[in-house]
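Here is the structure we will look at.
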Amino acid sequence: MTFRTRFAPSPTGPLHLGHAYSAILAHDMARAEGGAFLLRIDDLDQSRARPEWEELIYEDLRWLGLTWDGPVRRQSDHFDDYRAALATVAARGAVYPCRCSRADIDAAASAPQEGVPTYGPDGRIYPGTCRGRPYADRRPTDALRYDLTKANLDGPLSFTETGPAHAGTHTVTRDELLAHVGDPVLARPGMAASYHFSVVLDDAACGITHVIRGEDLFEATFLQSFLQQQLGLPAPIYHHHRLIRDAAGKRLAKRDDARAIRTYRDDGATPQDIRRMIGL
Ligand code: GLU
């Protein structure tokens with residue numbers, strides 16, 4: 001079987017130990033399978049992406065001894081592709097412009113019922129206020145949402161997970177998506193696509209067969225599987241790995257510069273030291 005995986009960092013800060021874990025794991029799995037390891041730069045959010053962070057990604061990965069196959073894919077080179085995919089979905093009448101601010105959504109959803117989730121992988125579960133607004137009435141300041149009630153979905157969707165915490169087959173129905181995710185955003189104002197929409201398009205365009213990434217994105221996979229199915233895209237196999245935490249058990253984030261790979265490099269650590277620190 002072909003095995004094509006990818007590492008997809010956003011160039012919005014230095015790579016830290018958590019990124020190193022993800023990149024090394026995906027790289028080593030691809031090499032062990034005789035497959036391909038691709039590098040994608042997730043610079044969808046042009047207000048936060050910086051060329052110097054992108055440069056540091058290449059430096060850190062090279063220093064870790066990782067090699068990637070083929071050219072790097074940069075999301076900012078594919079904004080037209082995202083817009084074209086959005087137009088295709090919109091032509092089916094399932095996309096509507098949403099004018100709700102975060103505060104509007106909070107207010108409309110402010111009477112939470114016990115046991116009913118209020119947040120999902122796409123943020124606050126959208127109560128559907130703008131559903132029914134014609135797509136033709138969209139303004140540049142609107143977000144564009146997928147109307148789940150109009151989704152072409154007969155039975156439950158499923159995806160395969162091989163990661164340690166949730167290995168197995170997972171299924172989701174339209175009602176579960178409505179309750180746990182809400183109408184997903186396909187594009188935010190001023191952006192060609194949302195994170196979820198761009199990622200499924202990118203993975204399909206690159207022929208990714210295995211998505212290897214952190215546990216924090218496990219819940220998002222239900223939504224991403226839905227988008228794949230609606231777009232008629234192949235479903236990769238998912239592997240969500242454990243997260244690297246600091247001594248206090250807190251998940252590492254970009255702002256944790258102390259854990260930046262560059263800092264360890266500057267302090268004289270070797271790539272072998274990094275592997276040891278993250279248990280690889
Ligand atoms: N770019 C995303 C991140 O930095 C990862 C996307 C993905 O692996 O699906 O967390």
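Atoms within a ligand are numbered from 1 in the order they appear, just like the ligands themselves.
- The side-chain tip of Arg145 points at the ring of Tyr126 from less than 6.0 angstrom away and within 45° of straight on.
- Annotation: Ala8 places an N or O atom under 3.5 Å from an N or O atom of ligand 1; distance criterion only.
- Those atoms of ligand 1 that come under 4.0 Å of a heavy atom in Arg6, given as number and element, are 7 (C), 8 (O), 9 (O).
- For the residue pair Arg265 and Asp60, the shortest heavy atom distance occurs at NH2-OD1, 2.7 Å.
- Residue Arg213 approaches ligand 1 through these ligand atoms, each under 4.0 Å from one of its heavy atoms: 7 (C), 8 (O), 9 (O).
- At least one heavy atom of Tyr195 lies less than 4.0 angstrom from ligand 1.
- Side-chain contact annotation: Thr221 with His170, donor-acceptor N/O pair under 3.5 Å absent.
- In this structure, the side chains of Asp43 and Ser10 stay at 4.5 Å or more apart for every pair of heavy atoms.
- Residue Gln224 places no heavy atom under 4.0 Å from ligand 1.
- Atom numbering of ligand 1 starts at 1 in the shown order; those under 4.0 Å from a heavy atom of Val199 are 9 (O).
- Counting heavy atoms from C-beta outward, Arg213 and Val199 have side chains that approach closer than 4.5 Å.
- Looking at Arg276 and Asp273, their side chains come closer than 4.5 Å, going by heavy atoms from C-beta outward.
- Under 4.0 angstrom from ligand 1, there are no non-hydrogen atoms of Gln75.
- Side-chain contact between Ile105 and Arg102: absent, with no pair of heavy atoms (C-beta onward) separated by less than 4.5 Å.
- Relative to atom 1 (N) of ligand 1, the option among Leu15, Ile41, Asp42 with the closest non-hydrogen atom is Asp42.
- Near Ser10, meaning under 4.0 Å from any of its heavy atoms, are these atoms of ligand 1: 1 (N), 4 (O).
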